[in-house]
Each structure stands twice: as C-alpha cells, then as structure tokens.
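In what follows, every chain begins at residue 1, and chains take the letters A, B, ... in the order their sequences are listed. Everything numeric in this text was worked out from a predicted model, so none of it was measured.
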2 protein chains.
Amino acid sequence: MDAIKPPKTLSEQTHDILLNAICSGEFEPGQRLNQDEIAARLQVSRQPVNSAISVLKASGFVEDTGRRGVVVSQISVDQFLSIFELRSALEPFAIRLAHQRKPVDAAKQAQDMLKRGWNAVASKDVSLQINLDYEFHEMIYGWAGNPAIRDTMRTNWNHIRRSMGVVLRRGVASKTSWEEHDRIIAALMRSDVELAEDEMRQHIERAQEKTAALLSEC
Amino acid sequence: MDAIKPPKTLSEQTHDILLNAICSGEFEPGQRLNQDEIAARLQVSRQPVNSAISVLKASGFVEDTGRRGVVVSQISVDQFLSIFELRSALEPFAIRLAHQRKPVDAAKQAQDMLKRGWNAVASKDVSLQINLDYEFHEMIYGWAGNPAIRDTMRTNWNHIRRSMGVVLRRGVASKTSWEEHDRIIAALMRSDVELAEDEMRQHIERAQEKTAALLSEC
DNA sequence: TTTCTGAATTTCGTATACGAAATACAAGAA
DNA sequence: TTCTTGTATTTCGTATACGAAATTCAGAAA
C-alpha cells in the first residue's frame with residue numbers, strides 16, 4: 001500500500017502557477033511581478049508568493065532588477081540557441097541509450113504517443129501540441145534510463161516552451177515535427193541506431209532554424 | 001561606472017551556506033534540517049531559512065520526508081552514474097565547441113589554471129582540489145560559449161562535489177586527474193580536436209570508475 | 001513487562017506586522 | 001516652462017504570531 005502524500009503547499013502551488021504563466025507566455029518577458037498583486041489574485045498571503053519567487057529566481061525564470069522586485073527574464077536568442085546546441089548533443093545521445101535500455105513495451109508506448117501527437121496536430125490546439133512534443137521527448141529520456149538527462153531537459157524545456165509558444169502561435173506547422181518523430185521511432189524500432197540518432201539531430205536542427213528565424217523577427 | 005549592486009539577501013546567504021554545508025559533506029545524507037535550529041545558528045528568523053529550503057528542495061538537494069520537514073537527499077549511486085554518463089556526452093562536445101570559439105588568451109588562461117591545479121595537488125588541500133577541478137572544467141565551458149551547458153554542469157557539479165568529497169578524503173590521488181587535464185589542454189592547443197575530445201572522454205570515464213568503486217564500498 | 005492512548009510538545013506552513021529603501025509626485029527654484 | 005528636492009506612497013525583505021499536524025512520552029490497560 002502506498003503512503004499518503006501531503007498535498008502541495010501553497011508555496012509550491014504558487015510556484016507552479018507562476019512558472020506556467022511565464023512559460024505559456026501569459027506573463028511577458030520584462031513584466032514586473034508584484035507580490036501584493038499576485039497574492040491578492042491567488043487569495044493567499046505574500047509569504048507563499050515570496051517563497052515561490054525565490055525558487056523562480058534561482059532557476060532563472062525571473063531576475064532581479066537591482067531596484068525593486070523581479071521581472072520575467074528576457075528570452076534571449078543567444079540563450080535559446082545555446083539550449084538547442086545542448087540538445088543537439090544530448091538528444092542523439094539519449095537515443096543511443098534508449099536503444100540499449102528501452103522497455104519491452106516501447107513500441108506500444110511509441111504508437112500511442114505518436115497517435116496522440118497526430119490528433120493534436122489535427123486539433124490545431126497549440127498548447128496541447130507543445131505539451132505533447134515535450135512528452136514525446138521525455139518518453140525517450142525515460143527509455144534512456146538516465147535521470148540526469150531527464151532533469152536537465154525538463155528545466156531547459158520550460159525555457160524552450162516560452163519560445164515555442166511564440167512560434168507555434170504564428171502558425172508554423174507542427175506537422176513536419178511529427179513526421180520527424182515518426183521517422184525517429186521507425187529507425188529506433190528497426191534498431192538502426194545510426195539513422196535514429198541522425199534523424200534526431202536533424203529534428204533538433206530544423207526546430208532550431210524554424211524557431212530562431214521567427215524569434216529574431218520579433 | 002558600474003551600478004551598485006544590492007547586497008545578497010539573508011535568504012540567499014542562508015541558501016548558499018546550507019548548499020555548501022550539504023555539498024561539502026558537513027550535512028550528511030538523510031540528516032534532518034530543523035528550521036528553528038538553523039535560524040538560531042545563523043542568527044536570523046525562520047523566514048529566510050524557510051525560503052532557502054524551498055529553493056534547495058526545488059533543486060533536489062533536500063527532499064520531503066512526507067512527515068515533518070526535509071532531509072538532505074541521499075547520494076544514490078545511480079544518480080551519480082547518470083550524471084557522469086551525461087558528462088561523458090557533454091564534456092567532449094564542449095571541447096569541440098571550445099576549439100571553435102576559444103578566446104585568443106586561452107593558452108595563457110590554461111597555463112595559469114594548470115599551475116594552480118598542480119599547486120593544489122602539492123598542497124594536499126582536498127577542498128581546494130575539488131574547487132579547482134571544477135574551475136578547470138568551467139573554463140572549458142566558458143570557452144565553449146554556451147551558457148546552457150555551463151548552467152547544466154554547475155547544478156550537476158554540486159551533486160558531484162558531494163561524492164567527490166568522500167572519494168578524495170579517502171586519499172585517492174588527484175595527481176592523475178591533473179595529468180589528464182594537462183593532456184586535454186595540450187591536444188586542444190595543438191588543435192587536435194579528435195584527440196582532445198577523446199582525452200576528455202577518458203578523463204570522465206576514469207573519474208567515474210574511481211569514484212563509483214569507492215562509493216559502492218561505503 | 002509490553003502495548004495502547006491521548007495530552008503536551010515540537011515544528012511546520014502561512015498570515016500578519018514592521019522597518020527600510022525605492023519610486024512617485026507635488027511644490028518651489030531656475 | 002523645466003529641473004530640483006523633500007515628502008508621501010509603494011513594496012520589498014524579514015521578524016513575529018498563530019493554527020494545524022506530527023511526534024513524543026507518561027500513564028493506563030493488557
């Protein structure tokens with residue numbers, strides 16, 4: 001029997017809500033975070049808000065102004081590119097590990113995942129597409145059996161989400177993205193690691209190019 | 001003229017002190033963190049302590065017991081191995097980037113760094129050796145010009161420090177480690193990227209083997 | 001003796017209070 | 001008018017207060 005977990009604290013809930021607001025684009029880069037205002041809106045005292053902001057500051061989603069309070073961090077194109085550069089090394093590596101360690105029901109998981117992805121593309125629901133894109137990659141990290149890779153990418157993903165939202169909202173088709181996911185899985189299931197790694201590398205590079213072009217526009 | 005920076009808040013100072021206590025091994029894995037006790041010892045109220053602990057929890061250095069308060073996270077051998085697996089992909093990649101982007105005074109920086117490293121080996125000062133080992137690798141990340149890699153490794157490094165302390169305190173010579181650093185720099189300065197990458201890969205693997213063996217002993 | 005039970009204690013999360021520093025703004029000087 | 005300067009307001013960080021939940025432990029029941 002599982003132990004009963006205590007429910008999330010107000011501080012944690014506040015953190016999650018703020019993080020999501022930032023990553024979904026609801027709070028724009030540069031926007032000031034006023035503790036009183038947030039506390040009032042969430043119907044809590046300033047204490048959990050202050051605590052949540054400390055965590056956000058430590059993970060780089062907000063930054064000190066040097067003056068009063070914090071603002072949502074800017075999405076710098078350089079930072080974005082550096083994350084994709086990191087991914088271009090890590091994700092093919094994860095594919096290699098996944099090939100060695102993937103569970104027996106990997107094919108089944110993959111089919112399910114891809115199906116949900118294509119449904120999202122059909123539905124034109126942008127935020128669902130972003131979430132499923134992450135879920136796809138996290139599935140691979142899971143197969144790779146390396147928690148350090150998963151944690152690293154989880155943090156970076158939130159930074160990417162902020163940029164992706166901008167891009168996808170501008171109507172860039174995520175159809176090609178899921179075609180690439182299809183091919184990655186196909187190669188992996190055929191145990192053609194070299195090809196799977198290469199498809200992944202290209203997938204990342206294409207996503208980077210598409211996004212960077214749009215980011216530098218605005 | 002540079003702007004005057006506000007001094008670190010008590011919350012941030014408390015966080016830094018606790019993080020260091022955890023990573024240096026002063027606080028052992030499993031040890032309970034009592035907010036009142038810490039507050040009294042640091043001569044602050046519980047508020048900054050609570051805030052600091054929230055940040056430590058988010059970054060995985062402490063974990064909820066499900067009961068009351070938090071404890072220092074266990075150093076799991078699996079987690080340790082996964083970080084080194086991550087490094088084995090990232091660090092050679094960083095070398096490749098560093099080769100392309102290193103600054104003109106890289107050779108000078110490297111000589112200085114290596115000299116300080118060898119002095120530390122001679123001095124037998126364990127914590128200095130650990131710090132300089134990190135500084136060496138961070139120098140490479142700096143040359144690589146990729147902030148995402150640097151941030152990723154900075155977080156993971158604190159987890160590594162906890163394990164390294166155990167190993168180095170048991171008298172494992174860090175002499176070989178600096179010999180390897182020497183060879184990495186030599187290859188990089190000769191622009192032999194393939195060799196430099198390979199030396200780095202081996203450096204990581206050897207460090208992993210040494211540490212893992214000792215970790216599983218205790 | 002050992003096991004159970006519930007009151008006392010501890011210790012957390014959160015609310016509220018307070019002082020300090022920054023911003024906003026109005027009134028006077030140029 | 002525009003610039004300066006002193007004051008009121010805002011808003012942060014931190015201290016303190018308080019209620020709730022978990023732990024501890026003394027005393028009763030077995």
### Query
What residues, two or more places apart in sequence or in another chain, satisfy side chain to side chain contact (heavy atoms under 4.5 Å, CB included) together with B:Leu19?
B:His15, B:Cys23, B:Leu56, B:Phe61, B:Asn158
### Message
Check A:Arg101 with B:Glu85, please: is the shortest side-chain N to carboxylate O separation under 4.0 Å?
### Response
yes
### Query
Can B:Lys57 and B:Glu63 be counted as an ion pair, charged N to O under 4.0 angstrom?
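Looking at B:Lys57 and B:Glu63, the cut-off is not met.
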### Task
Could you tell me the separation between the CD1 atom of B:Ile17 and the CD1 atom of B:Ile38, rounded to the nearest 0.5 Å?
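Reported to 0.5 Å precision, the distance equals 10.5 Å.
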### Message
With side chain to side chain contact (heavy atoms under 4.5 Å, CB included) as the test, pick out the partner of A:Asp133 among A:Arg161, A:Glu138, A:His181.
### Response
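One option only clears the test, and that one is A:His181.
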## Note on the structure
Once base and sugar-phosphate atoms are separated, protein heavy atoms under 4.0 Å mark nucleotides 11-16 of chain C, 5' to 3', with B, S and - as BBBBBB
